[in-house]
Amino acid sequence: MLSLPARCLLRPPRQPLPAPPRRGSSGPGRRWLLSTPIFYVNGPPHIGHLYSALLADALHRHRGLLGPGPGRLATGTDEHGLKIQQAAAAAGTAPSELCAHVSGLFRDLFSRAAVSFTDFIRTTEPRHRRAVQCFWAALQGRGLLYKDFYEGWYCTPDECFLTQAQITERPDAQGRPCKVSLDSGHQVHWTKEENYMFKLSEFQEPLRKWLQGNRHVISPEPFYQVVLRWLEEDLPDLSVSRERNRLQWGIPVPGDSTQTIYVWVDALVNYLTVAGYPDAHHTWWPAAHHVVGKDILKFHAIYWPALLMAVGLDPPEQIYVHSHWTVRGQKMSKSLGNVVDPVACFKQYTVDGFRYFLLRQGVPERDCDYYEEKVIKLVNSELADALGGLLNRCTAPSINPSGIYPHFSESCFRKGSDHMDVEASGRALAEDYELIASVDRLPLQVTDYFEHFQIYKALESVVTCVRQTNGFFQRHAPWKLCRDNPAEKCWLDTVLHVTLECLRIYGILLQPVIPATAEKLLSRLSIKPEERAFTGLTFLPRYHGKPCPFEGRKLGPDMGALFPRLETPRRHQMEIKGLRP
Ligand code: ME8
């Protein structure tokens with residue numbers, strides 16, 4: 001955390017926004033290549049997939065507002081492997097058709113969700129095949145692959161090999177004993193075949209050194225500790241191919257038509273493909289910042305950095321890890337029939353409403369629970385009532401008949417150390433100075449939280465300020481002030497000016513999370529697109545003795561409620577009233 005003065009009522013810190021931490025050797029001008037996992041196409045997207053994409057999108061948008069980039073955001077679909085081959089066979093369709101269809105669902109979802117991706121990669125694309133085959137050749141060229149008879153447990157739903165210690169026995173649906181992965185609960189099968197092996201064991205020490213020298217590379221911190229603990233255990237070599245007669249749906253091993261490249265090697269290389277590997281990746285690599293779910297941490301924090309080191313490339317600069325969404329306390333699963341469709345959520349809560357819910361309630365360190373009533377309550381209280389209500393109150397024609405950004409009067413709201421003295425401070429009260437100090441600190445706080453992958457905390461601090469501003473408005477009851485009395489008009493305009501200034505800051509800071517609502521808010525305040533960046537963001541310049549470009553400006557057109565309240569579905573109302581069991 002940046003050290004911010006705990007309480008700074010009179011002279012809030014006017015520090016410039018800090019440059020976010022630079023970790024890699026990505027050259028002058030900070031670059032970032034944000035990524036989401038690439039998603040399997042054996043089923044349609046759900047809210048967990050959307051959450052990963054929204055986290056990456058919010059980070060990407062936030063950084064874009066901080067400065068002139070350059071940044072990219074890549075997402076896409078993971079289309080090879082046994083799991084997809086089997087899903088296509090079960091659906092009686094060709095794998096390529098299944099992939100095209102489901103990949104399209106992901107792409108549509110992310111477009112609809114306003115995920116600002118700059119690249120959408122499909123692992124079946126020729127550019128990716130070429131990258132994977134070059135990567136393989138580089139591994140082989142460095143003598144890090146060898147052929148061996150591999151024997152062990154394989155979990156197709158997770159597409160991973162497991163040791164004896166990682167499996168357990170549970171009854172299946174028919175009550176027969178069956179071996180499953182301890183971690184995911186998915187069934188495993190014994191496989192025995194000749195594979196190429198990667199000398200992962202040689203990278204145990206380099207991985208440890210890398211982590212010890214980069215304490216913030218995996219965040220949140222508890223996940224960093226998890227990875228360090230894994231590295232205390234044995235790190236066996238990794239099987240990186242499958243026999244082609246079992247797995248045809250994948251990229252063949254160059255020069256060996258009997259083997260297919262293991263789907264995880266294939267998938268991980270996508271991050272290099274989008275960086276331009278093998279020809280043009282040096283501009284973007286290693287400025288990679290991966291957002292991943294905790295289920296795939298080992299692949300990203302152990303296998304991937306080791307593979308990169310093996311071909312002479314740096315590990316990614318940053319790995320952001322998040323936990324999982326459950327639904328009414330249960331894991332989402334097809335068999336339980338509780339998989340939540342994000343498109344239905346957009347219809348029910350609007351895109352921004354659902355984006356806000358996931359990012360405000362999602363705490364990366366721990367699993368979070370979704371249920372309808374929770375979304376409706378949160379979104380109504382924070383977006384519709386607190387934020388929307390505030391905008392509505394200070395722009396209502398009855399209170400602001402000229403429809404302008406009114407003037408701020410220093411004589412009503414004095415800047416000085418003796419603000420506790422009512423005479424000296426005009427009409428402002430101690431709480432009003434606290435509000436100014438809080439909103440002054442807010443951009444720095446929000447940036448700090450984003451950089452530490454705590455978007456939920458950034459939103460919490462914005463909401464706290466929104467509530468404080470509502471308190472300010474309520475306290476001074478501008479609707480009771482008389483415009484015809486010059487002294488009262490002066491104060492009334494000042495109260496409106498301060499409130500609009502607060503709203504301007506909230507609108508700007510909320511752009512990465514609720515882009516459409518923020519755009520509506522900022523347009524209503526007549527804030528031009530070039531005035532919406534985080535750079536040069538000065539709250540209440542007049543209070544600080546600077547000119548305010550917005551003063552006297554005509555407000556934008558009234559487009560109705562900023563965020564219309566969501567209705568509780570009828571069936572819930574009946575349940576609440578006890579009309580339904
Ligand atoms: O693992 N809550 O793809 P995948 C939150 N193709 N996030 C969730 C989630 C939940 N309940 N369920 C899934 C793969 N996710 C590989 C990745 S990357 C080189 C290859 C999110 O379709 C989370 O990000 O199984 C998780 O890591 C990812 O979806 C797994 O998606």
Side-chain angles (χ1 to χ4, degrees), residues 33-57 74-84 87 98-99 102-103 105-106 109-110 115 121-124 128 131-132 135 155-160 181 183-186 223 250 261-275 288-305 307-308 316 319-334 336 338-342 345 357-359 361-370 453:
L33 173 53
L34 268 159
S35 67
T36 73
I38 50 167
F39 302 103
Y40 287 130
V41 289
N42 62 319
H46 60 59
I47 59 170
H49 303 128
L50 175 65
Y51 179 57
S52 304
L54 291 182
L55 284 168
D57 178 56
T75 187
T77 41
D78 187 355
E79 305 189 3
H80 290 133
L82 205 53
K83 175 174 167 135
I84 310 301
L98 176 78
C99 292
V102 182
S103 179
L105 296 180
F106 275 95
L109 171 71
F110 295 155
V115 174
I121 181 168
R122 299 184 54 193
T123 54
T124 45
H128 180 66
V132 172
F135 192 85
C155 178
T156 306
D158 301 339
E159 292 281 20
C160 71
S181 154
D183 217 25
S184 69
H186 292 135
F223 293 112
I261 296 176
Y262 174 39
V263 64
W264 263 103
V265 174
D266 174 339
L268 288 164
V269 172
N270 97 84
Y271 301 128
L272 278 178
T273 308
V274 296
H289 297 192
H290 303 316
V291 172
V292 299
K294 63 179 182 181
D295 52 319
I296 54 175
L297 179 57
K298 191 175 270 178
F299 297 93
H300 285 81
I302 293 192
Y303 302 164
W304 182 223
L307 285 163
L308 285 162
I319 302 173
Y320 293 118
V321 192
H322 66 78
S323 302
H324 283 174
W325 282 91
T326 54
V327 175
R328 290 190 187 276
Q330 281 186 309
K331 193 175 162 167
M332 254 189 294
S333 85
K334 267 190 210 161
L336 286 174
N338 65 350
V339 178
V340 181
D341 170 12
C345 292
F357 169 77
L358 289 178
L359 292 171
Q361 286 287 312
V363 178
E365 285 93 323
R366 55 173 188 264
D367 287 354
C368 303
D369 197 35
Y370 161 88
F453 199 47

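All ligand and atom numbering here is 1-based and tracks the order in the structure.
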Between the protein and ligand 1, which nitrogen or oxygen pairs come in under 3.5 Å, and how far apart is each?
| residue | atom | partner | partner atom | Å |
| --- | --- | --- | --- | --- |
| ligand 1 | 2 (N) | W325 | N | 2.8 |
| ligand 1 | 6 (N) | I38 | O | 2.8 |
| ligand 1 | 6 (N) | D78 | OD2 | 2.7 |
| ligand 1 | 7 (N) | G48 | O | 3.2 |
| ligand 1 | 11 (N) | W325 | O | 3.2 |
| ligand 1 | 22 (O) | Y40 | N | 2.9 |
| ligand 1 | 24 (O) | S52 | OG | 2.6 |
| ligand 1 | 24 (O) | G293 | N | 3.2 |
| ligand 1 | 24 (O) | H322 | NE2 | 3.4 |
| ligand 1 | 27 (O) | G293 | N | 3.1 |
| ligand 1 | 27 (O) | D295 | OD1 | 2.8 |
| ligand 1 | 27 (O) | D295 | OD2 | 3.4 |

Any chance CG of D183 has more than 12 other-residue heavy atoms, nucleotides or ligands included, within less than 6.0 Å? no
Discussion item. Regarding D266 and T123, do their side chains bring together a donor and an acceptor under 3.5 Å, going by distance alone?
Written reply: no
Practice problem: Go through the steps for K331 and D367 under the test salt bridge (Lys or Arg N to Asp or Glu O under 4.0 Å), then give the verdict. | Solution: CA-CA 10 Å; K331 193 175 162 167; D367 287 354; over 6 Å; no
Hits for side chain to side chain donor-acceptor pair (under 3.5 Å) against Y51, two or more places apart or cross-chain, chain-then-number order -> none
In short, H186 meets C155 closest at the heavy-atom pair CB-SG, 3.5 Å
Looking only at heavy atoms, the pair that brings H128 and R122 closest together is CB-O, 4.2 Å
